[in-house]
Amino acid sequence: MKAFVLQPLQEALNALLLQGVIPEVPAQLELDRPKQVEHGHLASNIALLLAKKAGRKPRDLADTIIAALPASPWIVRTEIAGPGFINFFLSPAAFHAVIEKIQTEQNLFGSNQRGGQQKLQLEFVSANPTGPLHVGHGRGAAYGASLANILRFNGYDIFCEYYVNDAGRQMDILAASVYMRYLEAAGLLPWPFPDNSYRGAYVREIAAQLRTQCGDRLEHAAADIPNLPAMEDADAAVDTLIAHLKQSLGEDYRVLHSAGLDEILNDIRNDLEQFGVHYERWYSERQLVDSGAVDRAVAELQSAGHCYIQDGALWFRSTAFGDDKDRVLRRENGAYTYFASDVAYHAEKFARGFTQVVDMWGADHHGYVPRVKAALKALGLDDEKLEVVLVQFAILYRGAEKVSMSTRAGEFVTLRELREEVGNDAARFFYVLRRADQHLDFDLDLAKKHSEENPVFYIQYAHARVYSMLRQATEKGLSLPADNERALDCLQDSRELALADALWRFPEVVHNAARDREPHQIAFYLRDLAAAFHTYYNSTKILVEEPPLRHARLTLCKGVAQTIANGLKLLGVSAPEQM
RNA sequence: GCGCCUGUAGCUCAACUGGAUAGAGCAACGGCCUUCUAAGCCGUAGGUCAGGGGUUCGAGUCCCUUCAGGCGCGCCA
């Protein structure tokens, strides 16, 4: 819609530039949608911006600009207002145009090609496969998947990836936890299950499966098992147990390790798939390590002279690249840190040719950003191409009551439980109702309500209402508009034009949501559009006797339904035709 | 202590990246079903944009500062 005004305005400014009235034309002309209807459909502040440079009074300059505007069928009136705004009033035809556009583009309405099919990688969730996903991960999943949809709709070539932390200490602790439950089930665990291991019920289930699979074959490692409770440092105690298991079980340690990993990763995959979250690739940290990528990345940092050895550990001088302290790459005991494999992983992302990489991390990892960027810079890569979105936690409520959660103790609400309780649609929608960097209060009771208080149903209801009218018309034997109905001239009422105006906003919102990485803009827009539709529905009878008017109104309504469906699709929410 | 984030209506949050009289949803109050789904609509009330200073035609938005809250500051991930 903005193009209707942008083009004439551009022409006028170019003409004035030639005449020497203004010294320059801004590269990017901007148009506002005024809050007050009296201020027109669109407004430009261009006279205010150029007044000083042109040595003219703003209102005076605005007058000159208006005089230079070429005639346009879309603009019916202009006026100068306030300190020097130029307000534009558009013709009904400008609003009918959006309805025709929707009919032409249908499920592509709102999309654009600004991305130019640039390859963009999105990494999100990437939770350690040490247990089922909980509601905190759900937010990252909903946010990442929605953002992926939105960016695709903006013409980007999107590649979604889940980084699987399947190498490393946490996975070993899981293996040890499974083993302890395995022993416990046979009454062979000589002391109580320790607090700092994985205590969730799922660990018992995995242990039970392991027993079905291996019988008592693994029990022999219980013989000289370290006495964990007797040891001072609980973390060191677990490490001792892990070392013991690796040595004592030999090849079978791999079986134990995989028992937990495979089971949990499968569970996570299914969970996300059912939640409508799809990945192009599950990237294994273990494979990254085995391929020698970590060795190579570290060696590259070393040969570039960005490393030093201190206290037996290998350090990366990240302070030379904006970090506030140096970081260890390889520990005194010879093992790489998590950071080392992350450096390798990110270097790998750029080597794969992505023009932009977006990571979505839990907000508690924010201190981690400078060191990863430092490493990229040290490797001669452009750290601007790595964008980190920090996703805050979701706090669950039942009405006013907070649901307490503790991951360690295994007392957390899983994503699956949440989905089963409130449904995928409500879960997806509620998760993206806030900006990612804001805390999210997730009210389970509200998400389940099928009433006006629940924004998901409010929007879906608007969509279903349109289809209800179409069914109703058929039942009454009233003719329906053609799919390419173009006789829209009878839509002249301000309420009809206002509704069409709301439709015009959709492509703009899609663009802004992608630019700002803010899916919530879509959610807010849909609520506004649904409200505008409900208002129209209540004020105007759609299924009138006169066919031309009925057809035109129904065509407008179908445009609303199509737009709602397109928007909900971006958020991974269904658009039912009947409720 | 240092760094990052946040502070807007009773509650939960927006505000098109500097525009005109700061908007929604809940909650509160008052209305609207003989008519296409009342899972809806209309209206009323509610504000020192945390406080202070600055930048300019113009500030919730940018800069400085104070206060309050959250998170982070491992050879953990």
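We name chains A, B, ... by the order of the sequence lines, and we start the count at 1 in each one.
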For B/G40, does either OP1 or OP2 sit under 4.0 Å from a side-chain N or O belonging to A/T535? no

Please give the nucleotide sitting opposite B/G10 as a Watson-Crick or G-U wobble pair, both distances under 3.5 Å, or none. B/C26

Regarding A/D239, tell me which of base, sugar-phosphate or nothing describes its non-hydrogen contacts under 4.0 Å with the strands shown. nothing

With a non-hydrogen cut-off below 4.0 angstrom, is A/D235 in contact with a base, only sugar-phosphate, or nothing? nothing

Considering Watson-Crick and G-U wobble pairs with both distances under 3.5 Å, what does B/G72 pair with? B/C2

Sugar-phosphate only, base, or nothing, as touched by A/T540 at under 4.0 Å among non-hydrogen atoms: base

Any A/K325 side-chain nitrogen or oxygen under 4.0 Å from OP1 or OP2 of B/G74: yes

Presence of salt bridge, A/E496 and A/R553, under 4.0 angstrom: yes

Taking only nitrogen or oxygen atoms into account, show me every contact under 3.5 Å that the protein makes with nucleotides 4-11 of chain B, one pair per line with its distance.
none

Is A/R33 touching bases, backbone alone, or none of the nucleic acid, heavy atoms closer than 4.0 Å? base

May I ask you to say whether A/D501 pairs ionically with A/R505, meaning some side-chain N is under 4.0 Å from a carboxylate O? no

Phosphate-side-chain proximity, A/K52 and B/C57, N/O vs OP1/OP2 below 4.0 Å: yes

Nucleotide paired to B/A45 in any strand shown, Watson-Crick or G-U, under 3.5 Å: none

Ignoring hydrogens and angles, does a donor from either the side chain of A/N45 or the base of B/G19 sit under 3.5 Å from an acceptor on the other? yes

Mark yes or no for a side-chain to base donor-acceptor pair under 3.5 Å between A/D528 and B/A14, with no hydrogen or angle criteria applied. no

Which is true for A/E475 with a 4.0 Å heavy-atom rule: it touches a base, it touches only sugar-phosphate, or it touches nothing? nothing

For the pair A/R327 and A/D323, find out whether any cationic side-chain nitrogen is under 4.0 Å from an anionic carboxylate oxygen. yes

Would you check, one step at a time, whether the test salt bridge (Lys or Arg N to Asp or Glu O under 4.0 Å) holds for A/E387 with A/R517? CA-CA 10 Å; A/E387 207 177 311; A/R517 280 66 163 126; 2.6 Å; yes

Just by distance, do the side chain of A/R428 and the backbone of A/Y143 share a donor-acceptor pair under 3.5 Å? no

Contact class for A/F524 vs. all strands (heavy atom < 4.0 Å): base, sugar-phosphate, or nothing? sugar-phosphate

Can you tell me which nucleotide in B/U21, B/U12, B/G40 comes closest to the side chain of A/N538? B/G40

salt_bridge(A/K349, A/D359) N-O dist < 4.0 Å: yes

